[in-house]
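Start at 1 and go down the list; that is how both ligands and their atoms are numbered.
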Amino acid sequence: MNKIPPKGKIKVLKDGPYLVTGGVPLAEELVRTGQDGEPEGWEKGRVYPAAEQYALCRCGATKTPPFCDGTHLRIGFDGTETAGSDDYLSDAEKTEGLEIDLTWSAKYCAIARFCHRGGDAWTLAEHSDIPENRELAVQESCDCPSGALVAWDKKTGRAIEPELEPSIGLIENRESGQSGPIWVKGGIPIESSDGMTYEVRNRVTLCRCGASKKKPFCDGSHISCAYKSSR
Ligand code: FES
C-alpha cells in the first residue's frame, strides 16, 4: 500500500518498550473534535527533538512519558503479543459500494471513530455514486489512524491511501483529556519480540496503555481504562 520507502524500524521488546531506531520523527497528534463530539480531523501537537534511537513506553506506567523509564520491570508487565501474523486482508470484512468499496479489520481497529463523522463510512460507501458521499467516505477512511478502515477504488481495484511520511505520532485528545495509541505512519517495519516482522502497512496503531488484548496493536482498551500518558 505504501509508496514511500520506509525509514527506521520499531522493535517490540519482550515485556518491555518499543525500541525505535533510524531517526524516526516523533510528535503528538491531536484529535480535533467536531460540534457533534465526534473526531473530525488531526492537528500537530508537540514535536519532540530528533533522536537516532529512543524507547517508547508500552506498559502505560512510565513516569517519563512517552519514553520508557524501566517501570515495566518493577510492575511485572506482561507484554505478550497476541495479534498474530495474519495480514490485513485475510482478516478484513468487505463492504461493497457503488464507486468505492471499504474493508475493515477488527485486528487493527483502535476505535478512533473517524468513521462516524457525517454519516457512517459504510453507508456513505454504499451510496458512493453521489460525489459528496464518496469524498466523505474516503476522507473518513484516510483519517483512520490504524488503517483498520481502507477505501478501495472500484475502477482500479487499488487502495486509496493517504500520503504519510515515515514518522510516529502520539495520539492525544485534549477534549476528553485522554491519550490514545502510538500512530505508526509511512510503512515503518515493526518486528515482534520473537523476530517476526508484522505486515508492513502505511498506518497502524500500537498500544501504549498496556491494556490491549491484541498486542502490540491498540484495540481501543485505552478508552475503558481512561488512559492518560501524563498520569
Ligand atoms: S493504547 Fe489503545 S489499547 Fe492501549
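- Ionic pairing of K185 and E29 is present here: one or more N-O contacts between side-chain nitrogen and carboxylate oxygen are shorter than 4.0 angstrom.
- Salt bridge absent: R203 and D143 never bring a charged side-chain N and a carboxylate O closer than 4.0 Å.
- Ion pairing between E38 and R113 holds under the 4.0 Å rule for side-chain N and carboxylate O.
- For a distance bound of 2.8 Å, the N, O or S atoms of C209 include one lying that close to atom 4 (Fe) of ligand 1.
- If you look at H222 and ask which of its N, O or S atoms sits nearest atom 2 (Fe) of ligand 1, the answer is ND1.
- Distance check for C207 against atom 4 (Fe) of ligand 1: an N/O/S atom falls below 2.8 Å.
- Near S221, meaning under 4.0 Å from one of its heavy atoms, ligand 1 places the atoms 3 (S).
- Ion pairing between a basic and an acidic side chain is recognised when a charged N comes within 4.0 Å of a carboxylate O; R117 and E40 show no such pairing.
- Within ligand 1, the atoms closer than 4.0 Å to a non-hydrogen atom of R208 are 1 (S), 4 (Fe), numbered from 1 in the order shown.
- Ligand 1 places these atoms under 4.0 Å from at least one heavy atom of D219: 3 (S).
- Put simply, no part of A110 is less than 4.0 Å from ligand 1, judged by heavy atoms.
- Note that CG of N133 is 9.5 Å distant from OG1 of T123, once rounded to the nearest 0.5 Å.
- To the nearest 0.5 Å, atoms CZ (F114) and OG (S146) are separated by 10.5 Å.
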